[in-house]
Amino acid sequence: MSRASWLAQTEQDTIALAQLLAAWAEPGALLALDGDLGAGKTRFSQAFAEAIGVKGIVNSPTFTIIKEYEGERLPFYHMDVYRLSLEEADELGLDEYFYGRGVTIVEWASLIDELLPEERMELYIEHLGGEERRIALTGKGERYAGWCEALEQMGAGR
Ligand SMILES: Nc1ncnc2c1ncn2[C@@H]1O[C@H](COP(=O)(O)OP(=O)(O)O)[C@@H](O)[C@H]1O
Ligand SMILES: [Mg+2]
């Protein structure tokens, strides 16, 4: 496990982080997002989707729970589990996505913690006021720990 911190002073800084992680993502990658309503989980997901070549509009999946997109580089699975009970989430068979051909982002991921693969990149977005956000990253598993180390080396944890 490894940690990194990314200070976004503007929305563009959040987008830049999403673009970096999108460039590193491979099939089966999982980003688990948390943070209060309005923190920027959906905004981050939109930037990520665009960076892996999803064309068109990526909406919040709050009401649809799961949306699938064909990105130019990878399929993208976007989930928002806020309205689901653990039992309901379990019945969806999420492993099909987590271990599929694409990349998954889960908003409110900690609500279904026990259904998530051990290996994942956790992002906690904290609203600091205005456009400012602190994004705390925890890389679980070798692959994501490596991402955190790379981010720290870039001087992300200002
Ligand atoms: N640094 C930032 N990072 C992400 N979103 C930001 C930032 N600054 C302002 N915003 C705005 O904050 C809002 C975040 O909303 P959203 O992504 O839907 O939040 P969540 O999905 O976490 O509830 C968007 O309107 C976005 O444009
Ligand atoms: Mg959202």
Side-chain angles (χ1 to χ4, degrees), residues 1-52 54 57-69 71 74-86 88-90 92 94-100 102-128 131-141 143-148 150-152 156-157:
M1 193 174 85
S2 186
R3 292 182 200 277
S5 172
W6 182 271
L7 184 63
Q9 280 165 334
T10 64
E11 189 167 321
Q12 193 53 47
D13 291 342
T14 299
I15 292 166
L17 176 63
Q19 289 171 340
L20 270 175
L21 301 191
W24 295 338
E26 290 163 4
L30 172 59
L31 305 190
L33 270 52
D34 281 286
D36 291 338
L37 202 66
K41 301 180 294 299
T42 298
R43 188 66 194 87
F44 174 92
S45 304
Q46 289 165 335
F48 186 95
E50 195 185 343
I52 58 167
V54 174
I57 295 162
V58 172
N59 290 316
S60 169
T62 307
F63 295 98
T64 44
I65 313 296
I66 303 174
K67 282 201 184 171
E68 298 184 43
Y69 301 89
L74 289 167
F76 174 54
Y77 313 128
H78 190 195
M79 304 179 188
D80 184 326
V81 298
Y82 186 67
R83 281 160 197 281
L84 289 185
S85 68
L86 197 57
E88 287 168 330
D90 199 15
L92 290 175
L94 300 179
D95 279 355
E96 204 179 303
Y97 297 97
F98 298 148
Y99 299 104
V103 184
T104 305
I105 292 186
V106 185
E107 297 192 34
W108 300 99
S110 62
L111 294 176
I112 59 159
D113 192 74
E114 50 227 271
L115 300 178
L116 300 176
E118 286 286 301
E119 296 215 355
R120 60 194 188 242
M121 188 67 161
E122 295 181 349
L123 289 85
Y124 182 83
I125 309 177
E126 185 189 354
H127 197 315
L128 300 179
E131 289 189 28
E132 210 173 334
R133 307 287 190 275
R134 182 176 301 285
I135 304 175
L137 301 107
T138 308
K140 295 187 169 169
R143 180 195 334 191
Y144 303 111
W147 291 11
C148 284
L151 287 172
E152 285 295 284

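Quick note: residue numbers are just sequence positions, from 1.
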>> Just to verify, what does Thr10 make a side-chain hydrogen bond (donor to acceptor under 3.5 Å, both in side chains) with, not counting sequence neighbours?
In response: none

> Can you find a heavy atom in the side chain of Ile105 that is under 4.5 Å from one in the side chain of Leu33?
Replying inline: yes

>> Give me the atom names and distance for the closest heavy-atom approach of Leu86 to Ile112.
In response: CD1-CA, 3.8 Å

> With side chains defined as the heavy atoms from C-beta onward, is the minimum distance between Lys41 and Trp108 less than 4.5 Å?
Replying inline: yes

>> Are more than 12 heavy atoms, taken from residues, nucleotides or ligands other than Tyr69, located less than 6.0 Å from that residue's OH atom?
In response: yes

> If only atom types and distance count, is the side chain of Gln19 paired as donor or acceptor with the main-chain N or O of Ala51 below 3.5 Å?
Replying inline: no

> Any side-chain heavy-atom pair from Val106 and Leu94 closer than 4.5 angstrom?
Replying inline: no

> Short question: side chain of Arg3, backbone of Ala136 - any donor-acceptor pair under 3.5 Å?
Replying inline: no

> Is there side-chain contact between Trp6 and Ile125, with heavy atoms separated by less than 4.5 Å?
Replying inline: no

>> I need the minimum non-hydrogen distance between Glu26 and Val103, along with the two atoms involved.
In response: O-CG2, 3.9 Å

>> For a 4.5 angstrom cut-off between non-hydrogen side-chain atoms, does Asp80 reach Lys67?
In response: no

> Any donor and acceptor pair, going by atom type alone, linking the side chain of Glu122 with main-chain N or O of Ala32 inside 3.5 Å?
Replying inline: no

> Is a side-chain N or O of Glu126 found less than 3.5 angstrom from the main chain of Asp36, in a donor-acceptor match?
Replying inline: no

> Do the rings of Tyr97 and Tyr77 sit parallel, tilted or perpendicular, given the 30° and 60° boundaries?
Replying inline: perpendicular

>> Quick one, Glu119 and Tyr144 - any side-chain contact, counting heavy atoms below 4.5 Å?
In response: yes

